[in-house]
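Only a predicted model underlies this, so the values are computations on that prediction, with no experimental measurement involved. Lettering follows sequence order; numbering is per chain, from 1.
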Protein chains: 2
Amino acid sequence: MKEQSEQTPSITLEDVARLAGVSGMTVSRVLQDHVNVSEQTRAKVQAAVAALGYVPNRLAGALTTAKTRLIAVIVPSLSNIVFPEVLRGANECLEAAGYQAVIGVSDYDLEKEERIIAAMRAWRPSGWILAGLEHTPRALQMLRVVRSPVVEVMDSDGEPIDMAVGFSNTQAGRDTGQFLADTGRRRVGYVGGDLCRDLRAAKRRKGFEQALAENGLELEASFTAQQASSFLLGRAGLAQLLERHPDLDAVYFSNDDMAVGGLMHCMGAGVEVPGRLALAGFNGLEIGEAVPQRLTTIRSPRYRIGQLAAEHILARLAGNAPPLRLDLGYEFITGQTT
Amino acid sequence: MKEQSEQTPSITLEDVARLAGVSGMTVSRVLQDHVNVSEQTRAKVQAAVAALGYVPNRLAGALTTAKTRLIAVIVPSLSNIVFPEVLRGANECLEAAGYQAVIGVSDYDLEKEERIIAAMRAWRPSGWILAGLEHTPRALQMLRVVRSPVVEVMDSDGEPIDMAVGFSNTQAGRDTGQFLADTGRRRVGYVGGDLCRDLRAAKRRKGFEQALAENGLELEASFTAQQASSFLLGRAGLAQLLERHPDLDAVYFSNDDMAVGGLMHCMGAGVEVPGRLALAGFNGLEIGEAVPQRLTTIRSPRYRIGQLAAEHILARLAGNAPPLRLDLGYEFITGQTT
DNA sequence: ATGAAAGCGCTAACAA
DNA sequence: TTGTTAGCGCTTTCAT
């Protein structure tokens with residue numbers, strides 16, 4: 001078993017300095033690739049570092065410089081692949097630059113997000129990445145007084161605190177609604193998860209309904225559950241909706257997880273798609289391409305959004321002024337389910 | 001635009017002390033819920049904290065106490081839902097205890113994992129969570145000399161550095177091989193991603209082949225690609241395998257992403273499952289339950305593993321000695337694809 | 001119950 | 001090119 005007791009004092013920069021026969025400051029300079037160090041000294045120091053297995057203490061460094069190189073990344077969920085991909089994009093960029101992501105998961109709960117923000121402030125992150133433009137008043141206040149760059153991602157319908165990298169969820173919903181109307185659908189339903197929590201899904205639905213209205217249509221039926229969206233929920237939701245409203249000719253889903261679940265219901269129950277029923281989702285998940293009939297959906301640039309969010313933070317920290325708002329748009333994918 | 005210049009010096013514990021008319025030490029005691037503080041003083045301090053909007057600096061605290069409450073979590077991938085779920089389990093537990101996860105992504109590359117470990121040491125994490133029992137010699141060395149608890153997750157086939165929470169991938173593969181043999185399959189193929197990188201998938205395949213051998217069978221055909229596993233790769237892989245070996249009567253996939261892709265190929269191409277072909281996967285993803293024919297697979301307790309890993313670290317830090325190795329097993333799901 | 005002093009390990013600023 | 005000094009913001013220890 002690993003011994004926890006007897007904390008051997010860790011090796012410090014002073015230890016390295018002593019062994020190399022120089023001052024601590026010189027060691028610090030070598031480690032920071034400072035120019036004003038002679039080759040000879042540099043070599044001596046590097047040898048001492050290697051000999052002792054010295055690992056710099058970033059806590060101490062960050063305390064002195066007041067720069068942590070810690071980036072707070074707060075996502076609503078890790079239960080489907082969407083936010084992990086945002087995180088992956090951000091992390092790839094941050095890691096390459098010597099920054100470290102610290103994560104928080106809000107469960108689509110703005111109160112919880114607020115608590116996470118409050119707690120994370122204590123680490124003095126060099127930057128913040130958050131999902132969405134909606135936050136509690138106190139969360140907004142905290143982020144406004146924070147002196148580090150803040151990027152809100154995955155949405156562009158609203159005012160950012162500082163910077164935003166995303167796309168219009170409302171417009172995505174509109175585009176889908178218009179598309180279904182254009183392709184002759186008239187009896188349209190909706191299947192979604194808990195919209196009070198996923199505010200971006202709510203915006204898509206709102207945009208969707210607007211587009212229907214502009215075409216003289218309205219949502220005939222809707223299934224929403226107080227649960228997180230999922231394949232099984234989409235499947236069960238569509239089954240239930242069709243039972244009550246067998247005459248629907250199109251269904252819009254809150255996202256692809258739900259839509260793929262819906263498609264699976266149709267395949268299992270022999271509901272002809274798109275002949276009898278059209279299905280449309282959102283996100284552009286890979287599974288939507290792998291199903292026998294490619295799903296009609298919208299691909300959100302999730303990975304790219306994460307990457308750009310990180311890049312914008314780094315640019316700002318480097319003294320540049322990247323665009324405050326970036327609307328990356330999205331790709332409408334006309335599949336075989338419409 | 002946000003002002004970056006003129007760094008207003010941040011509010012410190014001394015500022016709070018001054019306003020409350022006490023010493024810094026007393027403020028510190030109040031913030032740590034120390035017992036020896038009078039109610040009156042406590043109230044004064046709390047009022048000052050609120051008035052100034054004081055946020056303690058954990059960098060400074062951690063530097064003094066040599067306890068960061070930072071937990072390094074290094075996962076191989078964020079490209080499918082498996083490790084995000086491990087991370088979710090760990091984070092839920094850590095967050096509740098006031099710990100903070102800092103993440104790294106190794107891309108299934110042990111060299112990269114080593115670099116991440118090397119870099120993360122500088123933050124002096126209070127604990128480490130890593131995937132798998134295989135690491136580079138230098139990574140092993142670094143983790144052995146680290147004085148904080150280390151938990152290796154998602155595997156139990158091998159020797160852990162410190163603690164391990166997982167299951168036997170080899171046995172999972174064996175069970176699947178035995179099951180296919182028991183159900184009369186004789187011409188068995190394999191479809192997987194890059195096995196040099198995903199070592200746990202490689203163990204499953206090895207166990208699978210062992211079980212076949214024990215039943216007088218061997219793998220008739222195999223498709224492996226130098227890419228990450230995915231739905232589309234599974235679909236294309238199975239298509240290719242069946243083209244070359246149309247007489248296969250069962251295929252084992254490296255995981256459920258691949259297997260669901262394979263099933264989609266069968267549904268699209270009219271390959272009768274399980275009549276003509278049996279399919280088996282691994283992980284127990286939700287999508288495997290939502291497809292028209294429930295996938296035969298093994299559910300790995302991913303969320304629970306993340307949770308337990310975190311709990312064990314916390315227990316160790318609290319002075320307890322939790323079990324060094326925990327084999328959580330798994331659930332074999334007999335679906336409708338076999 | 002409260003405070004003073006010292007120091008965690010590092011780097012910025014200045015001096016030599 | 002190198003070293004000295006001071007201090008980042010906190011907590012530990014010891015005193016009162």
Under-4.0 Å side-chain N/O to phosphate OP1/OP2 contact, A:Asn36 with D:dT1 = yes
Determine yes or no for a side-chain-to-main-chain donor-acceptor pair under 3.5 angstrom, with A:Asp15 supplying the side chain and A:Thr12 the backbone.
-> yes
Nearest-Å distance, CH2 (A:Trp123) to C1' (D:dC8)?
-> 15 Å
Nearest-angstrom distance from the residue atom CG of A:Asp15 to C1' of C:dC10 | 13 Å
Between C:dC10, D:dT2, C:dG3, spot the one nearest the side chain of B:Met25, thanks.
-> C:dG3
Starting at atom CG of A:Leu13, determine the distance to atom C1' of D:dG3, rounded to an integer number of angstrom.
-> 13 Å
Which nucleotide sits closest to the side chain of A:Ser38: D:dT1, D:dG9, D:dG3?
-> D:dT1
Taking atom types as they are modelled, is there a donor-acceptor pair under 3.5 Å from the base of C:dG9 to the side chain of A:Thr64?
-> yes
By nearest-nucleotide position on DNA chain C, the 5'-leaning member of A:Glu14 and B:Gly21 is B:Gly21
Between atom CD in A:Gln32 and atom P in C:dC10, what is the gap in whole Å?
-> 11 Å
Taken to the nearest whole Å, CG/A:Leu52 to P/C:dG9 is 14 Å
From C:dT11, D:dT11, C:dG9, nucleotide with atom closest to A:Ser28 side chain | C:dT11
Is any side-chain N or O of B:Thr65 closer than 4.0 Å to OP1 or OP2 of D:dT12?
-> no
Short side-chain to backbone donor-acceptor contact, B:Thr26 and B:Val22, under 3.5 Å | no
Does D:dT2 have OP1 or OP2 sitting under 4.0 Å from an N or O in the side chain of A:Thr26?
-> no
C:dT2 phosphate, OP1 or OP2, under 4.0 Å from B:Ser23 side-chain N/O = no
Sorted by position of nearest nucleotide on DNA chain C, 5' first, the leading residue of B:Arg124 and B:Arg42 is B:Arg42
Between the base of C:dG3 and the side chain of B:Arg29, is there a donor-acceptor distance below 3.5 Å?
-> yes
When the distance from CG of B:Leu63 to P of D:dG7 is rounded to whole Å, what number comes out?
-> 17 Å
Rounded to the nearest Å, what distance is computed from the CG atom of residue B:Leu59 to the P atom of nucleotide D:dT11?
-> 12 Å
Could you tell me whether A:Arg58 contacts a base, only the sugar-phosphate backbone, or nothing, with contacts defined as non-hydrogen atoms closer than 4.0 Å?
-> nothing
Taking B:Asp107 as the fixed residue, which of B:Lys112, B:Arg115, B:Arg197 is the one that meets the salt bridge (charged side-chain N to carboxylate O under 4.0 Å, His left out) rule?
-> B:Lys112
Dump the intermediate steps for side chain to side chain donor-acceptor pair (under 3.5 Å) on B:Ser148 and B:Ser126, then the final yes or no.
-> CA-CA 5 Å; B:Ser148 23; B:Ser126 295; over 6 Å; no
Interatomic distance, CD@B:Glu152 vs CH2@B:Trp128, rounded to 0.5 Å, equals 12.5 Å
Between CG of B:Leu31 and C1' of D:dG9 the distance, given in whole Å, is 12 Å
